[in-house]
Amino acid sequence: MAKMSLEELRKLRSEKQNELKCRDRDGKTMQIIVGMGTCGIAAGAKDTLDAFISELTKNGLAEHAIIRQTGCMDLCASEPTVELIVPDMPTVIYGNVKADKVPEIVKSHIIGKTVLDKMILNRPAAAQ
C-alpha cells in the first residue's frame, strides 16, 4: 500500500467521521434502511448506502438522519431496496434503488416531502 499524504489522511478521516455521523442514533428524526442481504449486496446495495451517506452529507442532513442496514426484505427481485421513515411522510419501501437514484430520492422525498410513486414497492402498515 502506498503511503498517504497528510492531506489524503485528513480527507479519509473526514469521510469516515461523516459515515459515523450517519450511523449515530442520538437526536435523529428520520431513518434510511438499506437492504443488505446477499441479494441486495449483489445488486449494488453497498453503493446505494454510500450514495445516501454522501447525499445526506452534501445536503447538510447527516445530523438528522440515521442510515442503517438490514438483512433481506424478501423483495429480492427489486434489490437494492430502501425503506424511508421520514417525519410527516408515509413510511415507504423503494425498489431498484441504484446509487444514481439516491439524489432524486433525497431531493424529492426527504427535502421536498414528495413520495416517488413510480419507485414504491410497499407501504408498511402503521405501527399500532
Side-chain angles (χ1 to χ4, degrees):
M1 182 175 181
K3 290 184 179 180
M4 296 177 79
S5 70
L6 183 57
E7 189 57 38
E8 290 170 324
L9 286 169
R10 286 183 176 142
K11 181 180 177 194
L12 180 62
R13 179 183 65 190
S14 176
E15 289 170 0
K16 295 303 173 188
Q17 285 174 332
N18 285 333
E19 285 181 30
L20 289 173
K21 250 189 244 177
C22 289
R23 292 178 182 260
D24 182 22
R25 293 177 182 254
D26 294 337
K28 303 296 175 93
T29 57
M30 65 182 113
Q31 289 187 60
I32 298 162
I33 305 164
V34 180
M36 296 283 283
T38 307
C39 51
I41 293 169
K46 176 67 172 107
D47 292 335
T48 299
L49 181 87
D50 292 343
F52 269 107
I53 291 169
S54 176
E55 277 300 305
L56 291 173
T57 301
K58 184 170 83 173
N59 287 286
L61 298 168
E63 60 270 359
H64 303 290
I66 180 170
I67 299 177
R68 300 185 314 139
Q69 56 190 52
T70 190
C72 184
M73 291 184 180
D74 281 338
L75 300 164
C76 303
S78 301
E79 292 289 353
T81 53
V82 176
E83 181 174 359
L84 270 82
I85 303 169
V86 178
D88 303 321
M89 293 287 293
T91 297
V92 297
I93 297 175
Y94 289 120
N96 300 307
V97 182
K98 302 287 187 186
D100 64 340
K101 297 288 184 187
V102 171
E104 179 183 6
I105 292 171
V106 170
K107 182 180 176 185
S108 295
H109 189 108
I110 296 174
I111 297 171
K113 303 289 188 194
T114 302
V115 175
L116 298 164
D117 290 323
K118 66 183 185 240
M119 294 179 65
I120 291 178
L121 288 180
N122 195 5
R123 291 182 191 224
Q128 299 288 328

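Here, residue 1 is the first one in the sequence, and each next residue gets the next number. Model, not experiment: these values are computed from the prediction.
Nearest heavy-atom pair, K3 versus E8, reported as atom, atom and distance to 0.1 Å: O-OE1, 4.2 Å. The two residues G35 and A45 have their closest heavy-atom pair at O-CB, 3.3 Å. Closest approach of A62 and T57 over heavy atoms only: CB-OG1, 4.1 Å. Considering all non-hydrogen atoms of both residues, I105 and M119 come closest at CD1-CE, 3.7 Å.
Contact of the T48 side chain with the V82 side chain is registered, since non-hydrogen atoms from C-beta on lie closer than 4.5 Å. Counting heavy atoms from C-beta on, the side chains of V34 and T81 never come closer than 4.5 Å. Taking 4.5 Å as the limit, some side-chain heavy atom of V86 sits within range of a side-chain heavy atom of K113. By the 4.5 Å heavy-atom criterion applied to side chains, L84 and M30 are not counted as neighbours. Residues T38 and C72 fail the side-chain proximity criterion, which asks for heavy atoms closer than 4.5 Å. In this structure the side chain of I120 never reaches within 4.5 angstrom of the side chain of I93, judged on heavy atoms. When side chains are defined from C-beta on, I67 counts as touching L49, because their heavy atoms get closer than 4.5 Å.
Proximity of a side-chain donor or acceptor of T114 to a complementary backbone N or O of G112 within less than 3.5 Å is detected. Between the side chain of S14 and the backbone N or O of R10, no donor-acceptor pair lies under 3.5 Å.
Note that the CD1 atom of I66 and the CG atom of L56 stand 11.5 Å from one another [nearest 0.5 Å]. Between I53 atom CD1 and K58 atom NZ the span is 14.5 Å, to the nearest 0.5 Å. Remark: N59 CG to H64 NE2 distance equals 11.0 Å, nearest 0.5 Å. For the atom pair CG (D47) and CD1 (I41), the distance works out to 11.0 Å, reported to the nearest 0.5 Å. Residue E79 holds its CD atom at 7.0 Å from CG of L75, rounded to the nearest 0.5 Å. Taking CD of E55 as the start and CD1 of I32 as the end, the distance is 10.5 Å to the nearest 0.5 Å.
In this structure, a donor-acceptor pair under 3.5 Å is absent between the side chains of S5 and E7.
In this structure, the side chain to side chain contact (heavy atoms under 4.5 Å, CB included) partners of S108, at least two apart in sequence or on a different chain, are E104, L116. Residues meeting the side chain to side chain contact (heavy atoms under 4.5 Å, CB included) test with D100, sequence neighbours left out: K98. With sequence neighbours excluded, no residue forms a side chain to side chain contact (heavy atoms under 4.5 Å, CB included) with K107. Listed by chain and residue number, Q31, R68, T70, M73, E83, I85 satisfy the side chain to side chain contact (heavy atoms under 4.5 Å, CB included) test with I33 (two or more places apart in sequence, or in another chain).
Sorted by first and then second residue, the ring pair (Phe, Tyr, Trp, His ring centres under 6.0 Å) pairs with a member in residues 66-121 read Y94-H109; sequence neighbours excluded.
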